Amino acid sequence: MIVLTFFTLYFFLAHAQNSTSCQRSCGNNVNLQYPFGFSHSCKIRLHCHENKTMKIGEFEVKQVSSDNILLHFPANCSRHVDETHQFIGSNYAPTPRNNFLIKNCTQPVNNCSIQAESFQDRLSLKTCKSKDDGDDDDDDDVSCYSEKNTSGVNELQRRTTCSSLFTSILINLNKSVDSVVLALEFELVELEWWLQGPCKCAKDAKCVNVSVVGGNKGFRCQCKAGFQGNGFRDGGGCRRG
Ligand SMILES: *[C@@H]1O[C@H](CO)[C@@H](O)[C@H](O)[C@H]1NC(C)=O
Ligand SMILES: *[C@@H]1O[C@H](CO)[C@@H](O)[C@H](O)[C@H]1NC(C)=O
Ligand SMILES: *[C@@H]1O[C@H](CO)[C@@H](O)[C@H](O)[C@H]1NC(C)=O
Ligand SMILES: *[C@@H]1O[C@H](CO)[C@@H](O)[C@H](O)[C@H]1NC(C)=O
Ligand SMILES: *[C@@H]1O[C@H](CO)[C@@H](O)[C@H](O)[C@H]1NC(C)=O
Ligand SMILES: *[C@@H]1O[C@H](CO)[C@@H](O)[C@H](O)[C@H]1NC(C)=O
Ligand SMILES: *[C@@H]1O[C@H](CO)[C@@H](O)[C@H](O)[C@H]1NC(C)=O
């Protein structure tokens, strides 16, 4: 009878653990912290590709930090603008630092704080003209779109007349204040991440509110000065460091 009870208990615990624990590793080299992981029960789920790289949609995740996620976004002449939908999830969305280079516009746009033409050379990327396209018209012109409103990237297609999404340039990735140098990072998309509110931060953390797609409340936690950890009440909180 006791043996049976133990068995029941064992299976109950094993099962409970299985359904609630979040798989945090993807191969030997990739280990993520709360709230990120690769299984169903993780608060923010990324995809673990079979060759042990992290992905969101079809794009490789280069970095996950305390407030953002960087994706590799290679230049591509045959990508449709609506592919931006892959950057928007219930827990992440593109930041205003992204400058999307778009092509194939009936009406050119440039409301980025950089001039699209000025780095077309520096990109030294393939142009999108086909070789047999003899006439030297403007069909390879690049337009640029950036959006202050995080949720507005949804609207890229609606607010421009462009059909092709070439790549993206990140401005000022380097947050060091005293640097006057304009830092440009090519072929990257930056996403901001959050958890659905209300705040659930540890005692020694402050809550950072994030305004998110659809007007819901989002938050992140940040340990106060003198403390280390990720700050989330459910994710280990903060300890004196
Ligand atoms: C967890 O679930 C997987 C498949 O869903 C199963 O193979 C594994 O044995 C389970 N682990 C435990 C500890 O029950
Ligand atoms: C993993 O696969 C992706 C796309 O399939 C590829 O871009 C990347 O180079 C691969 N990485 C490794 C380490 O093989
Ligand atoms: C370019 O984008 C298209 C559409 O998303 C995709 O099918 C194709 O594989 C991409 N090309 C390269 C070289 O990645
Ligand atoms: C670019 O234009 C769109 C749509 O008109 C606007 O929502 C966005 O804020 C503009 N971006 C900048 C940097 O002015
Ligand atoms: C951002 O966009 C959303 C959806 O398009 C809209 O509801 C919201 O008012 C916008 N916020 C600002 C500050 O423009
Ligand atoms: C460019 O626009 C034309 C007409 O709108 C369309 O047929 C073509 O597929 C587009 N090319 C790309 C690369 O999006
Ligand atoms: C940011 O700038 C500082 C000082 O200029 C440099 O040490 C650091 O490596 C830069 N970080 C990135 C991500 O470029």
Side-chain angles (χ1 to χ4, degrees), residues 26-27 29-30 36 38 44-64 68-112 114 116-147 149-171 173 184-193 213:
C26 171
N29 299 322
V30 179
F36 293 95
F38 301 99
I44 303 181
R45 186 182 185 180
L46 307 182
H47 181 65
C48 180
H49 187 254
E50 57 207 357
N51 71 3
K52 307 306 173 201
T53 52
M54 300 182 274
K55 290 194 162 188
I56 285 181
E58 67 187 83
F59 304 109
E60 193 182 330
V61 174
K62 306 288 286 182
Q63 186 185 309
V64 175
N68 68 26
I69 302 170
L70 294 181
L71 301 181
H72 182 46
F73 191 53
N76 182 334
C77 295
S78 51
R79 182 191 291 126
H80 195 262
V81 280
D82 65 14
E83 292 300 321
T84 49
H85 78 262
Q86 297 190 55
F87 302 141
I88 299 166
S90 50
N91 294 89
Y92 49 81
T95 69
R97 280 210 287 264
N98 297 296
N99 293 263
F100 290 99
L101 299 193
I102 45 185
K103 287 176 171 261
N104 216 14
C105 308
T106 52
Q107 193 85 59
V109 283
N110 193 349
N111 68 357
C112 297
I114 44 175
E117 299 83 42
S118 62
F119 42 71
Q120 200 164 18
D121 294 341
R122 191 167 151 195
L123 277 167
S124 65
L125 299 163
K126 49 207 165 222
T127 71
C128 294
K129 246 190 236 288
S130 57
K131 289 196 190 71
D132 52 355
D133 188 5
D135 63 317
D136 203 27
D137 59 16
D138 288 339
D139 63 357
D140 201 34
D141 278 0
V142 63
S143 280
C144 188
Y145 181 89
S146 76
E147 174 63 64
N149 189 342
T150 301
S151 42
V153 173
N154 267 330
E155 314 274 293
L156 200 153
Q157 189 173 14
R158 209 164 57 84
R159 291 189 193 165
T160 69
T161 59
C162 311
S163 61
S164 160
L165 176 56
F166 184 52
T167 185
S168 173
I169 294 175
L170 209 51
I171 296 192
L173 178 69
L184 299 180
E185 303 270 336
F186 297 97
E187 298 183 300
L188 283 180
V189 166
E190 182 187 58
L191 310 179
E192 176 174 36
W193 63 265
V213 184

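Computed from a prediction, not measured in an experiment: that's the story for all the values here. Both ligands and their constituent atoms are indexed starting at 1 by order of listing.
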Quick one: does Asn76 get an N or O within less than 3.5 Å of an N or O on ligand 3?
-> yes
Go through the steps for Asn76 and Ser78 under the test side chain to side chain donor-acceptor pair (under 3.5 Å), then give the verdict.
-> CA-CA 6 Å; Asn76 182 334; Ser78 51; 3.1 Å; yes
With the side chain counted from C-beta on, respond yes when Asn98 and Phe87 share a heavy-atom pair under 4.5 Å apart, and no when they do not.
-> no
If we only count heavy atoms from C-beta on, is the Phe100 to Val81 side-chain gap below 4.5 Å?
-> no
Out of Cys77, Ser164, Ser78, the nearest non-hydrogen contact to atom 4 (C) of ligand 3 is supplied by Ser78
Any residue meeting ring pair (Phe, Tyr, Trp, His ring centres under 6.0 Å) with Phe38, in chain and number order, not counting sequence neighbours = none
Looking only at non-hydrogen atoms, the one of His80, Gln86, Glu58 nearest atom 5 (O) of ligand 3 is Glu58
